[in-house]
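Worksheet: the structure to be examined is printed underneath.
Numbered from 1 within each chain, the chains take letters A, B, ... in sequence-line order.
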Amino acid sequence: MAHELSKAYEPGAIEARWAQYWIDQKLFAVATPPADSTQPVFTLLLPPPNVTGRLHMGHMLNQTEMDIIVRWHRMRGFLTLWLPGTDHAGIATQMMVERQLATEGTSRQQLGREAFIQRVWDWKKHYGGAIFDQMKRLGASVDWERQYFTMDEGLSRAVREAFVQLYEEDLIYRGKYIVNWCPRCITAISDLEVVHEDVPGKLYQVRYPVVGTDDSLVVATTRPETMLGDTAVAVNEKDERYRHLHGKRVRLPLMGRDLPIILDDLANPEFGTGAVKITPAHDPNDFQAGLRHLLPQIDVMDETARMNENAGPYAGLDRFQAREKILADLRQQGFLESERDYVVPLGKCDRCKTVVEPRLSTQWFIKVAPLAERAIEAVEKGEIRFTPENYAKTYFEWMRNIHDWCISRQLWWGHRIPAWRCPECKTIVVARETPARCTNCSGSALEQDPDVLDTWFSSGLLPFTALGWPEKTRDLEVFYPTTLLITGFDILFFWVARMIMLGCHFMAGNAKGSVPFTEVYIHALVRDSERKKMSKTKGNVLDPIEIIEQYGTDATRFTLAAMAAPGTDIAFNPDRTDGYRAFANKIWNAARFIFMNVDRAQQAGIWSLDDFRKVLPGGKPTASVRGFQAVTLEDRWILSRFNSTTQEVQQALEDYRFHEAANQVYDFFWGQFCDWYIELIKPRLSLGDSSAGAVRTACQNLVSLFEAALRLLHPFMPFITEEIWHAVYDGKPALLSVALAAFPAPDPAQSDVDAETGMAILQDLIVSVRTLRADLKVEPRERVPVQVFANTEVRSLVEQNRGAVERMANAEKVTFVEASLAKLPGARSTARFEVRVVYEKKIDAAAECQRLQKELERSEKELENAERQLGNTQFLSKAPPQVIDGLRQRSQELTVLREKMRTAMKELGCGV
RNA sequence: GGGCGCUUAACUCAGCGGUAGAGUGCCAUCUUCACACGGUGGAAGUCAUAGGUUCGAAUCCUAUAGCGCCCACCA
């Protein structure tokens, strides 16, 4: 039979099969819709992984969240585009290939620029797809037909266009400034690519003799090697101590140059001696001071941070060796006044952790202030909404203190800057296509700027360039602005903030809005089970692929979803995944149970899956549950529960509370559908106990509800649901995939409060009997009589469901009594009923007394509390009525309970 | 130097003004014809500390302690 499931749930085979199926069927490919389409659109841009990337837990979390949201929207009828691509990742990729070259005993310099770039393309061709192969295993429902790469011809053209436009608008400029320089990567990097770290170091005080006097000025520095490039010493004009030195000069030790003493507010009289050395070529503050005072800029290092010819006797030394040598010389010549321990803030290269050197060089910059202004406004005005909200604060903080963005990199791999220099007249020509002649002197020997652009420049443009900009494409019209962005906070500034600035700028005036996306969901970090950050050096990195192989993709995805509470980091514990694998197994077996019964019914000629399909319009499931006939209390109850679960899941997903949605579905399947509904429906499925009509209804109900529940679960566990769902349709579904079926929608008509309270009473009664049996140590196989004392309402409820109660509670017979049972042995009281298990075996009076005592104490404490509140006029006048009513009712229940327990204890002879 | 977050059952975490929750683990028990990746029952928490606001605080405010993160050109 086509709907047969293997006995054991084995995710590996199932998942591989469906992942391939989804791709082969091009299930998630989205065609550009025609002009008259009215279908609502949902667009999500996949944060493009680096081509060099390997899937890690952070990706996996990100992918899971995106896939849940995407599948959910698709099932609700949105035209859903999830657009994938990879980033060329300038530095990262170049380093990777350079490392490879090194093992071959060569280097990029030996190869030359053109051959090197070719080499990177070759590398990309061979290895660049690795991360997407991994993504496919996760079941990510992206449109694989639309993959882009940030260095594709189209995107490269868009990058040039954007650069030229910004240049023409005077938002890009070129100039000689102090930038962060990595002497290992031999390139400029942006502020964001510098990681700050406080390290123990020293603060040195160096004495600079005042020329023509016996006096001297003492300056402090943490980086003595830069003194070789000093071109002044500054004191504050208001600093009385140095008034007599105004206009004088000092002699720079070791170098013997004379430096002016300048007056500048940079010198803080409160700090150190109040005098500060000025090194315009090696410090950003000094650089500014140098401009103010027209000081020379003496660069004493080369691009690898070795001392250069300007460093006199220190030329050729590495910067740190130079420091030691300079200190030794200062000490020897008596210029070193003091040295003391000092915590030094160090900037390191984000990529290679080399200490960054502030370096004077000519670079390209984006003037960000005007862009930031609009980017702030977009969030302030609610055009973009952050979740969790407090990330907006972080965003504002950063945007308001933003510095110009250095976008040129001295690399080979990347988008080459579209600027050419005329060697004749030194003019810089910026153009979309390679210019033939200099615009100034018509010289034809133009040389292109050797630098490339920061990777983040091109990725910052993606929301529109990936849709065809600068062409006015239909895709751009339909899919921009994208709906949502889901990403980690680590690239909030690198990427999110830049997309907002660039999107608002380039798409200004767009009919549907200029912002690149309207919603941003920022997720936290995945840490190890001890909440430690995963890192290679700590050796605590969990490989998602290994976890998947062990527990299955569905269980791994579910773990991440169930733990993804907004705003808190996830401590990933594989034990949890083990638990969710058990959950998948539970669903699997529920399906097997259902199919087993359906087969039986089919063989008896009563009902088959064809009958189920017939109740669906066109054989396709609808958003509601079709074919379900609520005849019994448990039917009404499970339908009502399903409806509220649907409601809760929808609300949770709308708010990106993935953990809540996952927990709702989990509890519904296991705690409600399996634990109660399936157990309750069992007798109705057997022809021996029920009529053919009843069996038919039971099968129909089981299948239709389960099928709808599979659709509810699908975004979370796409593989197992796909497998079982196809089985429900006997391998002949009217749709290619459950992923294309309708997501269950809440339906108020299915809500049934009476059924829910009724079931709650029955469940309470059944659990009470089970507990009593356990307390009385009744043999598990033995069925014992049960007595119930209750009001007519509860009594008729129990009477109507007597069979269910007897079976579920393993009772021989439920009988009703007319008098209180509280004082009899083996009884238990609740507010709504008293129940007794009639069992002659002697009960353990001491244990029972202990239990009653404990419960009594708890009740009394609560009662006391309630009465105190109810006696408080303030409470009565200020608390909401439903709270007061609730408390009154509870107080009455507790009073009754207390009496019952006291009676019982007295009868037992507990020492009261 | 600024800014932000966390501290709840043995563990990992939810809850964030109206009677303390989940999963795992633990204890007992059961191989009953979907599932031992299971069923049933149970034990387990002065919700970091000290004040305050409130009729009422794990939940809001303030301070303290511990842990963590982000941003920053003070020598």
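Atom P of rU40(B) sits at a distance of 29 Å from the matching atom of rU46(B), rounded to the whole Å. Comparing the C1' positions of rC37(B) and rU24(B) gives an interatomic distance of 13 Å, to the nearest angstrom. Going from the P atom of rU7(B) to that of rU49(B) covers 13 Å, rounded to whole Å. Rounded to whole Å, the separation between the P atoms of rG45(B) and rC60(B) comes to 24 Å. On the P atoms, rA48(B) is 6 Å away from rU8(B), given to the nearest whole Å. On the P atoms, rC27(B) is 16 Å away from rA44(B), given to the nearest whole Å. Here, rU29(B) and rA34(B) have their P atoms 25 Å apart, quoted to the whole Å. Taking atom P on both nucleotides, rA22(B) is separated from rA43(B) by 12 Å, rounded to a whole Å.
Looking at heavy-atom distances under 4.0 Å, Pro345(A) makes contact with sugar-phosphate atoms alone, never a base. Across all strands, Ala8(A) comes closer than 4.0 Å to no nucleic acid atom at all (heavy-atom distances). Using a 4.0 Å heavy-atom distance criterion, Tyr580(A) is classed as making no nucleic acid contact. If you check every strand for non-hydrogen atoms under 4.0 Å, Tyr342(A) touches sugar and phosphate atoms only. Residue contacts for Leu266(A): at a heavy-atom cut-off of 4.0 Å it reaches a base atom on one of the strands shown. Among the protein residues, His282(A) comes within range of no part of the nucleic acid, since none of its heavy atoms lies under 4.0 Å from any strand.
Legend: residues meeting side chain to side chain donor-acceptor pair (under 3.5 Å) with Thr556(A), ordered by chain and number and at least two apart, are absent. In this structure, the salt bridge (charged side-chain N to carboxylate O under 4.0 Å, His left out) partners of Asp230(A), at least two apart in sequence or on a different chain, are Lys277(A). For Glu337(A), the salt bridge (charged side-chain N to carboxylate O under 4.0 Å, His left out) partners are Arg207(A), not counting sequence neighbours. With sequence neighbours excluded, the residues forming a salt bridge (charged side-chain N to carboxylate O under 4.0 Å, His left out) with Glu549(A) are Arg137(A), listed by chain and number. With sequence neighbours excluded, no residue forms a ring pair (Phe, Tyr, Trp, His ring centres under 6.0 Å) with Phe669(A). For Pro11(A), the side-chain contact (heavy atoms from CB on, under 4.5 Å) criterion is met by Tyr9(A), Glu15(A), Arg581(A), not counting sequence neighbours.
Distances from the side chain of Ala582(A) to the nucleotides rG38(B), rU12(B), rG41(B) place rG38(B) closest. Checking rG41(B), rG38(B), rG18(B) against every side-chain atom of Trp670(A), the shortest atom distance belongs to rG38(B). Of the candidates rG18(B), rA72(B), rG39(B), the closest approach to any side-chain atom of Asp191(A) belongs to rA72(B). Of the candidates rG23(B), rU40(B), rC69(B), rU40(B) carries the atom nearest the Arg770(A) side chain, counting heavy atoms from C-beta on. Of the candidate nucleotides rG18(B), rC74(B), rU19(B), rG18(B) has the atom nearest to the side chain of Phe875(A).
Across the interface with RNA chain B, nearest-nucleotide mapping of Pro880(A) and Ala562(A) shows Ala562(A) to be the residue nearer the 5′ end. Of the two residues near RNA chain B, Asp198(A) and Val344(A), the one whose nearest nucleotide lies more 5' is Asp198(A).
Remark: Arg592(A) is not positioned above the aromatic ring of Phe595(A), lacking an NZ or CZ atom under 6.0 angstrom from the ring centre and at most 45 degrees off the axis.
Atom P of nucleotide rC37(B) and atom CZ of Phe558(A) are separated by 20 Å, given to the nearest angstrom. Atom pair Glu397(A):CD and rG3(B):P shows a separation of 8 Å (rounding to whole Å applied). Whole-Å rounding puts the Arg657(A) CZ to rG15(B) P distance at 9 Å. A straight line from CD1 of Ile402(A) to P of rA72(B) spans 10 Å, rounded to a whole angstrom. Distance, Asp286(A) CG to rC73(B) C1': 9 Å, rounded to whole Å. Per the geometry, CG belonging to Asn573(A) stands 19 Å off P belonging to rA22(B), to the nearest Å. Atom CE of Met808(A) is separated from atom P of rC30(B) by 21 Å (rounded to the nearest Å). Rounded to whole Å, the distance from CZ on Phe287(A) to P on rC74(B) is 18 Å.
Tyr551(A) and Tyr580(A) have their aromatic ring centers separated by at least 6.0 angstrom.
Within a 6.0 Å sphere centred on CD of Glu782(A), other residues, nucleotides and ligands contribute more than 12 heavy atoms. The environment of Arg770(A) atom CZ is dense: over 12 non-hydrogen atoms of other residues, nucleotides or ligands sit within 6.0 angstrom.
Within the structure, salt bridge (Lys or Arg N to Asp or Glu O under 4.0 Å) pairs that include any residue of residues 657-681 of chain A comprise Asp655(A)-Arg657(A), Arg657(A)-Glu660(A), Glu679(A)-Lys682(A) (at least two apart or interchain).
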Identify every side-chain donor-acceptor pair in residues 338-349 of chain A under 3.5 Å, counting partners at least two apart or on other chains, and give the distances.
from, atom 1, to, atom 2, distance (Å)
Glu339(A), OE2, Arg331(A), NH2, 3.1
Asp341(A), OD1, Lys202(A), NZ, 2.8

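Using a 4.0 Å cutoff on non-hydrogen atoms, the parts of residues 866-874 of chain A near RNA chain B are Gln869(A), Asn872(A), Gln874(A), ordered by number. Remark: Ala220(A), Thr221(A) in residues 219-232 of chain A come within less than 4.0 Å of RNA chain B through at least one heavy atom.
Between Phe673(A) and Phe706(A), the angle of the ring planes stays under 30°, which puts this pair in the parallel group of the 30/60° scheme.
For the pair His196(A) and rA72(B), the criterion of a side-chain N or O lying under 4.0 Å from OP1 or OP2 is met.
Side-chain atoms of Leu653(A) and Phe658(A), non-hydrogen and from C-beta on, do get closer than 4.5 Å to each other. A 4.5 Å side-chain heavy-atom check between Val235(A) and Ile262(A) finds every atom pair outside the cut-off.
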Where protein sits on nucleotides 31-36 of chain B, one letter per nucleotide: B base, S sugar-phosphate only, - none, heavy atoms under 4.0 Å: ---BB-

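For the residue pair Asn236(A)/Asn268(A), the side-chain donor-acceptor check at 3.5 Å is not satisfied. In summary, the side chains of Glu193(A) and Ser190(A) do present a donor paired with an acceptor at a separation below 3.5 Å, with no hydrogens or angles considered.
For RNA chain B, if you chain together Watson-Crick or G-U pairs that step i with j, i+1 with j-1 and so on, the runs of at least three with distances under 3.5 Å are B:1-7 with B:65-71, B:10-13 with B:21-24, B:26-30 with B:38-42, B:48-52 with B:60-64.
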